[in-house]
Engineer: 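Got a structure for you, written out below as structure tokens; questions coming shortly.
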Amino acid sequence: MKYKVKYRDLTIIITGILLGFLVVLQARSFSNIQNITRDSQANVFQEIQILKTTNENLADEITNLENQLSKASNQEQALNSIQDEIQKDKIIAGQVDIAGPGIELTVKNELAGIWFTDIENELWAAGAEAVSVNDIRLTNTTAGFDTLPNGQISLNGVILTAPYHFDAIGDKKTMTEALGQTAGIIQRIKGSVPNVDIAVDPKDLIQMQKVL
Amino acid sequence: MEKEGYNWKVQLTFVFTGVLVGMLVTAQFKSAIPASSYPYDEYKIQQDLLKSYNDDQAVLKNKILNLRKNIDDKQKQTGASVQKNNLDVLEQIKQEIGLESTKGDGITITLNDSPFSQRANNEGSDQFLVQAADLRDVVNLVFSAQADAVSINDQRVIASTPISSVGNTILVNNTHVLPPFNISVIGDKDLLNQRLNDPTALPDLEKRAKGQKIEYSFQPQTNLVIPIYSGDFPLKYVQAANEPQS
């Protein structure tokens, strides 16, 4: 028996094609939402750039250490060299007040604990030399955000309350660009936290107190 | 009646065919087009370049470790008697910032991808792969439990350590680390154990581990050794507050 294609059949097949189109688009949009939640999807060129910059910084560190070794080998300069190193290490350890240019990232809403960890990570990855959250310096002895049973975030035994201020000392242009890039931390937070009020403000001078 | 049944089946076939065609057409249009006419050549160049940078990085980090050891030895040799107090202070701060290796009791945590998942062939986020965010969450948890020293696959983790991902590659201190991820933590074993056993502490990780999507385990250890930090401490912008600004 020969079947004759009718106008209604054509409508059905076009509707089917449209439905298939929408199903794939929807599936892809769900997949994209999952991908932007926590980690950025940098590509191989960014990976090469990260490694290149890291190696340049390591080479600079070697130059500094070679100078330091030269001073340490000289009886007259040795004491000064040790005092210089103590001063530098005290800055890293958070044992002295510090200042410098940088950025202030402000979040006015409540934020889940994971975002504190991720913002801090992005700041270090963008070249921050010192970071504080609501005036608490992040060092080896203070690091670690704790989410309390009632959802509050605690850092170094202090409960943090909104607005949250993340201060970072470093290259303000590089840090501002890194945070604000496509699929960067700000876009990821905006995509995951409805109505979030988040802003980055470059500053010529940021001051941080030593860890108490 | 027989003709109506036949029509119904044919129309259903049309619907399925239409949906299938629609999906195929959409998938085709949304597929990424290789940037190069020679994708394999381009891939090989990229991989060679990455390997070259990684090899250079290993050499540079090794040199930094040797220089720090030489400086340490020199400082102890040169006028150690008159500088004893300074050297003690320096050693204590170095311990605090990760410039001394640390020994002690603690806990080891192991995270691994699902045996049914291939990291190299997956793109983007995947529930069956350990993500950089998982490592960050674990590190954050152990630091909040007052860990004294932490490392991931022998990379010393300090407060300023970035743990990031580039595609499915995970970078710790901007150095490639591959699964399985062994996180060593020196600190109060009981407190660390208590925090890691809290089902609300790492909910996503716990959920995926229970669903056998990734492998996650931890156990107490004695005499752990956590290596010295081998990276740099750039201080180009930060100054002690009492110093004049440049």
Side-chain angles (χ1 to χ4, degrees), chain A residues 3 9 12-13 16-21 23-24 28 34-35 38-39 41-42 44 46-48 50-52 54-55 57-58 61-62 65 68-69 72-73 75 78-79 82 85-86 89-93 96-101 117 121 124-125 129-130 138-140 143-146 169-170 207, chain B residues 10-11 14-15 17-23 26-27 30 46 49-50 53 56-57 60-61 63-64 67-68 70-71 74-75 78-79 83 86 89-90 93-94 96-98 124-125 131-133 136-137 140 143-144 158-160 162-166 169 174 232-235 237-241:
Chain A
Y3 182 82
D9 297 331
I12 289 170
I13 204 162
I17 289 171
L18 194 65
L19 193 63
F21 177 75
V23 166
V24 173
R28 279 179 180 265
Q34 276 207 327
N35 284 347
R38 295 288 301 278
D39 284 307
Q41 298 302 306
V44 70
Q46 283 167 295
E47 183 179 4
I48 289 168
I50 290 170
L51 292 174
K52 184 171 175 282
T54 302
N55 289 4
N57 290 340
L58 291 173
E61 182 81 358
I62 286 172
L65 290 172
Q68 204 180 326
L69 179 61
S73 307
Q75 189 81 27
L79 182 59
I82 290 173
E85 192 180 351
I86 288 173
D89 291 354
K90 276 186 170 179
I91 291 174
I92 297 161
V96 291
D97 294 350
I98 54 170
T117 315
N121 188 69
W124 294 123
E129 295 177 1
L138 296 176
T139 67
N140 282 6
F145 298 97
D146 207 0
I169 295 177
Q207 291 177 306
Chain B
V10 171
Q11 282 164 6
F14 276 138
V15 170
T17 310
V19 170
L20 193 66
V21 168
M23 289 173 84
T26 314
K30 296 290 278 184
Q46 288 167 359
L49 196 56
L50 284 174
Y53 277 122
D56 287 351
Q57 191 180 94
L60 291 166
K61 286 194 165 187
K63 199 166 181 182
I64 285 175
L67 277 165
R68 285 192 178 135
N70 289 343
I71 291 167
K74 280 284 175 202
Q75 285 170 341
T78 314
Q83 297 169 15
N86 279 327
V89 170
L90 183 58
I93 303 176
K94 278 180 164 181
E96 198 176 310
I97 62 175
S125 178
Q131 304 291 325
R136 286 201 295 274
D137 289 345
N140 179 68
F143 269 130
S144 73
I158 59 172
S160 58
I163 303 173
S164 312
S165 65
V166 180
T169 303
N174 293 334
D232 59 326
F233 285 110
L235 295 182
Y237 296 90
V238 71
Q239 292 181 346

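Every chain is numbered from 1 and lettered A, B, ... according to where its sequence line falls, protein lines coming before strand lines.
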Engineer: Within this structure, what is the CD-CD1 distance for the pair B/Gln239 and A/Ile169, rounded to the nearest 0.5 Å?
Structural biologist: 9.5 Å
Engineer: Using non-hydrogen atoms only, which part of A/Leu138 is less than 4.5 Å away from chain B: side chain, backbone, both, or neither?
Structural biologist: backbone
Engineer: Side chain, backbone, both or neither: which part of A/Glu85 has a non-hydrogen atom closer than 4.5 Å to chain B?
Structural biologist: both
Engineer: Which value, rounded to the nearest 0.5 Å, describes the distance between B/Asn140 atom CG and A/Thr117 atom OG1?
Structural biologist: 3.5 Å
Engineer: Locate the shortest heavy-atom distance separating B/Tyr53 from A/Leu51; write the atom from each residue and the value.
Structural biologist: CB-CB, 3.8 Å
Engineer: Looking at B/Ile158, B/Thr169, B/Ile97, B/Leu20, which has the largest count of heavy-atom pairs under 4.5 Å with chain A?
Structural biologist: B/Ile97
Engineer: Dump the intermediate steps for side-chain contact (heavy atoms from CB on, under 4.5 Å) on A/Gln68 and B/Lys74, then the final yes or no.
Structural biologist: CA-CA 10 Å; A/Gln68 204 180 326; B/Lys74 280 284 175 202; over 6 Å; no
Engineer: Examine whether an atom of A/Ser73 lies under 4.5 Å from a heavy atom of chain B, and if so say whether it belongs to the side chain, the backbone or both; otherwise answer neither.
Structural biologist: both
Engineer: How far apart are the closest heavy atoms of B/Ile71 and A/Leu65, and which atoms are they?
Structural biologist: CD1-O, 3.4 Å
Engineer: If we ignore hydrogens and angles and just use 3.5 Å, is the side chain of A/Asp89 paired with the main-chain N or O of B/Lys94 as donor and acceptor?
Structural biologist: no
Engineer: I'd like to check the salt bridge (charged side-chain N to carboxylate O under 4.0 Å, His left out) partners of A/Lys90; sequence neighbours left out, ordered by chain and number.
Structural biologist: none
Engineer: Can you name the residues that form a side-chain hydrogen bond (donor to acceptor under 3.5 Å, both in side chains) with A/Asp146, not counting sequence neighbours?
Structural biologist: B/Arg195
Engineer: Considering only heavy atoms, which portion of B/Leu235 lies under 4.5 Å from any heavy atom of chain A: side chain, backbone, both, or neither?
Structural biologist: both
Engineer: Atom CG in B/Asn86, atom CG in A/Leu79: separation rounded to 0.5 Å?
Structural biologist: 6.0 Å
